[in-house]
Participant: 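Before we start, here is the structure in question, set down as structure tokens.
Counting starts at 1 for both ligands and their atoms, in listed order.
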Amino acid sequence: MNGLRLLGAGYALPANVLDNEAMTKYVETSDEWITSRTGIRQRYFCGEGENTTTLAIEAAKKALADSGLAKEEIGCVIVATSSGEYSMPSTACLVHKALELNENIPVFDLGAACAGFLYAVDTARAMLLAHGGKYALVIGAEQMSHVLDMTDRNTCVLFGDAAGAAVFALEEDAEYAYVCGTRGDLAIQVGGPRREMPMTMEGQNVFRFAVSTIPATVDELLKKTGKTLEEVDWVVCHQANQRIIDASVRRLGVPAEKFYKNLDRYANTSAASVPLAIAEMKESGKLVSGQRVIMCGFGGGLTWAGVMMKI
Ligand code: ACO
């Protein structure tokens with residue numbers, strides 16, 4: 001079975017940090033409400049000269065450097081995003097230009113909201129198998145601040161901007177499993193019509209969806225691979241709400257430390273959240289070679305996806 005192995009990772013954050021107190025400038029809210037309902041303490045928002053493209057390029061450069069590969073070795077680029085700077089060209093094409101990558105490779109954006117990065121990981125694997133490449137650059141990048149209604153307290157306090165990127169190698173004996181799903185009938189529960197139009201969200205319905213979907217995705221991956229949660233070193237799930245992660249931990253009956261958390265510092269960065277976490281864990285030495293990790297995402301669509309791999 002041809003699986004993927006993580007070779008390198010990187011992340012990028014905008015310069016502006018807004019703590020919860022700063023959000024009271026926009027809407028009637030409080031640090032107490034945001035912290036107790038979500039666990040979020042601050043988020044990053046793009047300022048002048050920063051956007052999804054600049055974040056994606058910075059994260060991609062760091063991931064490529066971390067992988068030790070030459071740029072000519074990259075055989076596919078996918079950017080998962082719902083907040084690209086342009087409809088055309090894709091953010092992936094702008095990354096391709098900035099990194100001066102090869103011409104004859106598939107390069108495109110993928111939209112599956114907060115599950116987008118994991119959809120992109122498996123799509124990259126399929127692209128490498130179809131086109132004969134060995135290495136893929138997969139990025140999750142979002143400027144959520146650009147699609148938020150800063151007068152809607154139900155959404156504007158929850159999101160942040162960031163990018164995370166990873167370089168994967170296709171290897172014949174790499175341990176790898178993937179699951180995904182979609183509930184198109186629940187499409188209107190989160191989203192917005194265009195980049196220029198703000199997003200809305202039915203928070204409680206998405207919450208209910210999330211607390212059943214994360215454990216179900218983890219269980220499905222374990223069933224598929226015959227592994228137990230004891231054999232998994234880390235579960236890195238989409239960073240939307242501390243209470244969602246706590247509920248998943250309870251349902252799965254695992255030690256809370258197995259679930260990586262950084263949403264207190266970055267809020268919900270949609271497609272960037274899982275690769276941002278992975279890159280941060282790798283940088284800090286928490287995620288090391290030989291560990292088995294489950295990555296799990298859920299979000300607008302509604303969509304979900306999970307990957308299990310050995311690092
Ligand atoms: N500050 C103060 N009060 C607020 C705020 C705020 N920022 N936002 C809402 N409230 C109020 C509401 O108006 C409501 O008041 P009311 O009782 O007088 O009507 C009260 O707080 C409670 O609101 P709830 O919606 O019941 O709050 P809840 O505990 O459900 O938390 C939240 C809301 C944080 C949105 C939660 O439901 C959640 O995290 N949902 C999941 C979101 C998610 O995971 N999204 C991921 C997908 S996003 C994507 O794909 C792009």
Side-chain angles (χ1 to χ4, degrees), residues 18-43 52 80-84 110-120 140-162 180-184 186-195 197-217 237-248 259 261-264 266-274 276-277 296-305:
L18 282 82
D19 63 12
N20 290 343
E21 200 52 43
M23 302 311 285
T24 63
K25 207 171 70 188
Y26 300 99
V27 288
E28 197 184 326
T29 189
S30 64
D31 176 50
E32 199 281 325
W33 191 95
I34 301 171
T35 308
S36 62
R37 297 288 178 126
T38 71
I40 295 164
R41 295 189 180 277
Q42 62 173 44
R43 73 285 294 140
T52 304
T81 185
S82 302
S83 57
L110 181 152
C114 308
F117 177 76
L118 294 166
Y119 266 72
E142 303 280 14
Q143 185 184 0
M144 295 305 289
S145 61
H146 202 88
V147 297
L148 291 175
D149 175 354
M150 293 305 289
T151 65
D152 177 10
R153 68 178 183 174
N154 291 302
T155 51
C156 76
V157 303
L158 304 176
F159 295 91
D161 303 339
C180 72
T182 305
R183 285 288 304 273
L186 301 178
I188 55 159
Q189 287 193 355
V190 53
R194 289 274 183 276
R195 182 179 160 88
M197 300 285 286
M199 66 173 288
T200 56
M201 183 170 67
E202 293 174 26
Q204 289 190 1
N205 286 333
V206 179
F207 191 97
R208 274 192 286 273
F209 165 77
V211 297
S212 62
T213 299
I214 294 175
T217 303
C237 70
H238 174 46
Q239 306 284 307
N241 187 321
Q242 174 72 47
R243 284 158 53 216
I244 292 175
I245 296 179
D246 291 346
S248 303
F259 274 66
K261 288 180 281 283
N262 64 11
L263 63 90
D264 56 326
Y266 307 122
N268 179 345
T269 59
S270 194
S273 108
V274 170
L276 167 60
C296 173
F298 64 88
L302 297 175
T303 54
W304 66 94

Participant: Please name the pair of heavy atoms, one in Asp152 and one in Met199, separated by the smallest distance, quoted to 0.1 Å.
Facilitator: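 For Asp152 versus Met199, the nearest heavy atoms are OD2-O, 4.4 Å.
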Participant: Going by the order shown, which atoms of ligand 1 are within less than 4.0 Å of some heavy atom of Gly300?
Facilitator: 49 (C), 50 (O)
Participant: With the threshold set at under 4.0 angstrom, would you say Met23 reaches ligand 1 through any of its heavy atoms?
Facilitator: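 No.
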Participant: Which ligand 1 atoms, with their elements, are less than 4.0 angstrom from a heavy-atom of Glu28?
Facilitator: 1 (N), 2 (C)
Participant: Would you say Val157 contacts ligand 1, with heavy atoms under 4.0 Å as the rule?
Facilitator: yes
Participant: Within the distance-only criterion (no hydrogens, no angle test), does the side chain of Ser270 pair as donor or acceptor with the backbone N or O of Glu142 below 3.5 angstrom?
Facilitator: no
Participant: Gln239 versus Thr269: any side-chain heavy-atom pair under 4.5 Å?
Facilitator: no
Participant: Tell me whether atom 29 (O) of ligand 1 lies less than 4.0 Å from at least one protein heavy-atom position.
Facilitator: yes
Participant: Per the side chain to side chain contact (heavy atoms under 4.5 Å, CB included) rule, which among Asn20, Val157, Asp19, Thr24 passes with Asp31?
Facilitator: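 Single side chain to side chain contact (heavy atoms under 4.5 Å, CB included) partner of Asp31 among Asn20, Val157, Asp19, Thr24: Asn20.
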Participant: Would you please test Leu302 and Thr213 for side chain to side chain contact (heavy atoms under 4.5 Å, CB included) and show each step?
Facilitator: CA-CA 11 Å; Leu302 297 175; Thr213 299; over 6 Å; no
Participant: State, to 0.1 Å, how close Phe117 and Ala80 come at their nearest heavy-atom pair, and which atoms those are.
Facilitator: N-CB, 3.5 Å
Participant: Which one holds for Trp33 and ligand 1: side chain close, backbone close, both close, or neither close, with close meaning a heavy atom under 4.0 Å?
Facilitator: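 Trp33 to ligand 1: side-chain contact only, backbone stays beyond 4.0 Å.
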Participant: Protein heavy-atom contact under 4.0 Å for atom 17 (O) of ligand 1?
Facilitator: no
Participant: Any idea which atoms of ligand 1 are less than 4.0 Å away from a heavy-atom of Gly299?
Facilitator: 47 (C), 50 (O)
Participant: For atom 51 (C) of ligand 1, which of the options Cys114, Gly116, Ala113 provides the nearest non-hydrogen atom?
Facilitator: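 Nearest heavy atom to atom 51 (C) of ligand 1 lies in Cys114.
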Participant: Ignoring hydrogens, tell whether any protein atom lies closer than 4.0 Å to atom 2 (C) of ligand 1; use the non-hydrogen atoms only.
Facilitator: yes
Participant: May I ask which of Arg37, Glu142, Glu202, Gln242 has a heavy atom nearer to atom 27 (O) of ligand 1 than the others do?
Facilitator: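 Looking at heavy atoms only, Arg37 sits closest to atom 27 (O) of ligand 1.
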Participant: Could you walk me through whether Cys180 and Tyr119 satisfy the side chain to side chain contact (heavy atoms under 4.5 Å, CB included) test, starting with their C-alpha distance in whole Å, then the side-chain angles of each, then the deciding distance to 0.1 Å, before giving a yes or no?
Facilitator: CA-CA 7 Å; Cys180 72; Tyr119 266 72; 4.2 Å; yes
Participant: Measuring from non-hydrogen atoms of Val27 to any atom of ligand 1, is the shortest distance under 4.0 Å?
Facilitator: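 For ligand 1, residue contact (heavy atoms, under 4.0 Å) with Val27 is absent.
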Participant: Could you find the nearest protein heavy atom to atom 35 (C) of ligand 1 and give me its residue, atom name and distance?
Facilitator: Leu158 CD1, 3.7 Å
Participant: Go through the steps for Ser82 and Val147 under the test side chain to side chain contact (heavy atoms under 4.5 Å, CB included), then give the verdict.
Facilitator: CA-CA 9 Å; Ser82 302; Val147 297; over 6 Å; no
Participant: When you measure from atom 9 (C) of ligand 1 to every protein heavy atom, which one gives the shortest distance, and what is it?
Facilitator: Asn154 OD1, 3.2 Å
Participant: Can you find a side-chain donor-acceptor pair between Ser83 and Gln143 that sits under 3.5 Å?
Facilitator: no
Participant: Atom 36 (C) of ligand 1: which of Asp31, Asn241, Thr269, Asn268 has the nearest heavy atom?
Facilitator: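 Residue with the shortest heavy-atom distance to the ligand atom: Asn241.
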Participant: Please check if atom CZ in Arg41 has more than 12 non-hydrogen atoms from other residues, nucleotides or ligands closer than 6.0 Å.
Facilitator: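 No, because the 6.0 Å sphere around CZ of Arg41 holds 12 heavy atoms or fewer from other groups.
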Participant: Nearest heavy atom to atom 12 (C) of ligand 1 wins, so pick from Arg153, His238, Arg208, Arg243.
Facilitator: Arg153
Participant: Are any non-hydrogen protein atoms located under 4.0 Å from atom 44 (O) of ligand 1?
Facilitator: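 Looking at atom 44 (O) of ligand 1, one finds that a protein heavy atom does lie closer than 4.0 Å.
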Participant: Distance to 0.1 Å, residue and atom name: give those for the protein heavy atom nearest to atom 40 (N) of ligand 1.
Facilitator: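 Scanning the protein heavy atoms, the shortest distance from atom 40 (N) of ligand 1 goes to Gly203 O, 2.9 Å.
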Participant: What is the distance from atom CZ of Phe298 to atom OG1 of Thr217, rounded to the nearest 0.5 Å?
Facilitator: 10.0 Å
Participant: With rounding to the nearest 0.5 angstrom, report the CG to NZ distance, Leu18 to Lys25.
Facilitator: 6.5 Å
Participant: Hey, mind stepping through Trp304 and His238 against side chain to side chain contact (heavy atoms under 4.5 Å, CB included) and telling me if it holds?
Facilitator: CA-CA 10 Å; Trp304 66 94; His238 174 46; over 6 Å; no
Participant: Using a 3.5 Å cut-off on N or O atoms only, is Gln204 in polar contact with ligand 1?
Facilitator: yes
Participant: Could you see which bit of Ala210 sits under 4.0 Å from ligand 1, with heavy atoms only: side chain, backbone, both or neither?
Facilitator: neither
Participant: Could you tell me whether the side chain of Arg243 and the main chain of Arg37 form a donor-acceptor pair under 3.5 Å?
Facilitator: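 Between the backbone of Arg37 and the side chain of Arg243 there is a qualifying donor-acceptor contact (under 3.5 Å).
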Participant: Report, in ascending order of atom number, the atoms of ligand 1 lying under 4.0 Å from any heavy atom of Val206.
Facilitator: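 Answer for ligand 1: 43 (C), 44 (O), 45 (N), 46 (C), 47 (C).
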Participant: With a cut-off of 4.0 Å, which atoms of ligand 1 are near a heavy atom of Met201?
Facilitator: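 Here the atoms of ligand 1 in question are 42 (C), 45 (N), 48 (S).
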Participant: Which of the atoms in ligand 1, numbered in the order shown and given with their element, are less than 4.0 Å from a heavy-atom of Thr38?
Facilitator: 34 (C)
